[in-house]
Amino acid sequence: QVQLVESGGGLVQPGGSLRLSCEASGRSLSSFAMGWFRQAPGKEREFVAGISWNAMNTQYADSVKGRFTTSRDNAKNTVYLQMNSLKPEDTAIYYCAGTIGRAAWVGVNRDDYNRWGQGTQVTVSS
């Protein structure tokens, strides 16, 4: 059973950057496709970014393309979300999620994933 723990959230000014980490324990992430989702108050949880188990494929929501980058280090059992040019509308709880994945597959729907972290708060405000 894999457990996922996010870290790296916090308060940042508009235009700033943060890097979130998602560290796994319990088993290797090397066969897992991984996703990042976020949920703002009063809104549905939405897809942000995803990466295939072999890192050959990444997907991004239109709202974050060009600003966010996801990557992974399977040797460290960790997935990352680099967030640049942050905007107030990026404020949300950010979750990482995982599921056993084939080759270059990346899930973009919440139901694609069956392992979830507890989330980390990101607040973008001046």
Side-chain angles (χ1 to χ4, degrees):
Q1 197 82 311
V2 65
Q3 289 82 43
L4 303 174
V5 178
E6 303 93 339
S7 62
L11 173 64
V12 63
Q13 291 187 340
S17 298
L18 282 175
R19 188 176 82 154
L20 305 184
S21 298
C22 173
E23 186 172 2
S25 61
R27 66 173 291 177
S28 171
L29 275 185
S30 60
S31 58
F32 278 70
M34 299 296 295
W36 290 95
F37 291 74
R38 66 186 181 187
Q39 188 166 17
K43 294 189 175 181
E44 295 285 318
R45 192 172 298 189
E46 64 175 3
F47 172 78
V48 175
I51 186 167
S52 60
W53 75 263
N54 61 5
M56 295 297 289
N57 185 20
T58 55
Q59 298 290 330
Y60 297 93
D62 288 343
S63 58
V64 307
K65 278 181 182 175
R67 300 189 297 124
F68 290 12
T69 303
T70 188
S71 60
R72 65 191 299 156
D73 186 339
N74 286 343
K76 294 183 178 180
N77 236 22
T78 302
V79 179
Y80 305 97
L81 183 67
Q82 178 67 44
M83 306 186 295
N84 299 328
S85 302
L86 283 160
K87 305 174 181 180
E89 52 263 43
D90 294 318
T91 296
I93 299 174
Y94 283 70
Y95 300 89
C96 70
T99 191
I100 299 289
R102 308 178 300 278
W105 177 84
V106 177
V108 299
N109 299 303
R110 184 174 175 178
D111 290 344
D112 291 333
Y113 296 90
N114 53 21
R115 295 289 182 267
W116 292 83
Q118 293 301 304
T120 185
Q121 176 70 47
V122 171
T123 302
V124 184
S125 174
S126 56

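Only heavy atoms go into these numbers, but all of them, side chains included; no hydrogens, no water, no symmetry mates.
Considering every non-hydrogen atom in both G101 and W53, the closest pair reads O-CD1, 3.2 Å. The shortest heavy-atom contact between A92 and Q121 is O-NE2, 3.4 Å. Of all non-hydrogen atoms in P14 and S126, the two that sit nearest each other are CD-N, 3.7 Å. Residues E6 and C96 share a closest heavy-atom pair of OE2-N, 2.8 Å. Of all non-hydrogen atoms in L4 and R115, the two that sit nearest each other are CD1-O, 3.6 Å. Residue A103 comes nearest to S52 through the heavy atom pair O-CB, 3.3 Å, listed as atom of the first residue, atom of the second, then distance.
Linking Ile, Leu, Val, Met, Phe, Trp and Tyr residues whenever their side-chain heavy atoms come within less than 4.5 Å leaves V106 and F32 in two separate clusters. A chain of hydrophobic side-chain contacts below 4.5 Å, direct or via other Ile, Leu, Val, Met, Phe, Trp or Tyr residues, connects I51 to W36. Both V12 and V64 sit in one connected hydrophobic cluster of ILVMFWY residues. Membership requires side-chain heavy atoms under 4.5 Å apart, directly or through other members. Side-chain heavy atoms closer than 4.5 Å link hydrophobic residues (I, L, V, M, F, W, Y) into clusters, and following such links, even through other members, never connects Y95 to F68. Under a hydrophobic clustering in which Ile, Leu, Val, Met, Phe, Trp and Tyr are joined whenever their side-chain heavy atoms come within less than 4.5 Å, directly or via other members, L86 and I93 fall into different clusters.
Within a 6.0 Å radius of CD in Q118, other residues, nucleotides and ligands contribute 12 heavy atoms or fewer. Atom CD of E44 has 12 or fewer neighbouring heavy atoms from other residues, nucleotides or ligands inside a 6.0 Å radius.
A donor-acceptor contact shorter than 3.5 Å links the side chain of T78 to the backbone of K76. At least one donor-acceptor pair under 3.5 Å links the side chain of Q3 to the backbone N or O of Q1. Judged by distance alone, the side chain of R72 and the main-chain N or O of L29 form a donor-acceptor pair under 3.5 Å. The closest donor-acceptor contact from the side chain of Y113 to the backbone of G107 lies under 3.5 Å. Within the 3.5 Å criterion, the main-chain N or O of V124 finds a donor-acceptor partner in the side chain of T91. Proximity of a side-chain donor or acceptor of E23 to a complementary backbone N or O of N77 within less than 3.5 Å is not detected. Judged by distance alone, with hydrogens and angles left aside, the side-chain atoms of T70 form a donor-acceptor pair with the main-chain N or O of Y80 at under 3.5 Å. Side chain of N54 to main chain of W105: no donor-acceptor pair is present (N/O by atom type, distance under 3.5 Å, no hydrogens or angles).
Between D62 and K65, at least one side-chain nitrogen of the basic residue sits less than 4.0 Å from a carboxylate oxygen of the acidic one, meeting the salt-bridge criterion.
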Residue pair L20, M83: steps toward the side chain to side chain contact (heavy atoms under 4.5 Å, CB included) verdict: CA-CA 8 Å; L20 305 184; M83 306 186 295; 3.8 Å; yes
R110 and W116: CA distance, side-chain angles, deciding distance, side chain to side chain contact (heavy atoms under 4.5 Å, CB included) verdict: CA-CA 10 Å; R110 184 174 175 178; W116 292 83; 3.7 Å; yes
Derivation and outcome, side chain to side chain contact (heavy atoms under 4.5 Å, CB included), residues R38 and D90: CA-CA 9 Å; R38 66 186 181 187; D90 294 318; 2.9 Å; yes
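Taking CG of L11 as the reference point, atom CD of Q13 lies at 8.0 Å (rounded to 0.5 Å). Between Q82 atom CD and S21 atom OG the span is 9.5 Å, to the nearest 0.5 Å. Here CE of M34 is found 9.5 Å from CG of N74. Values are rounded to the nearest 0.5 Å.
A heavy-atom distance below 4.5 Å is not found between the side chains of S7 and T120.
Ring-plane geometry between F47 and F37 is classed as perpendicular, the angle between the planes exceeding 60 degrees on a 0 to 90 degree scale with a lower cut at 30.
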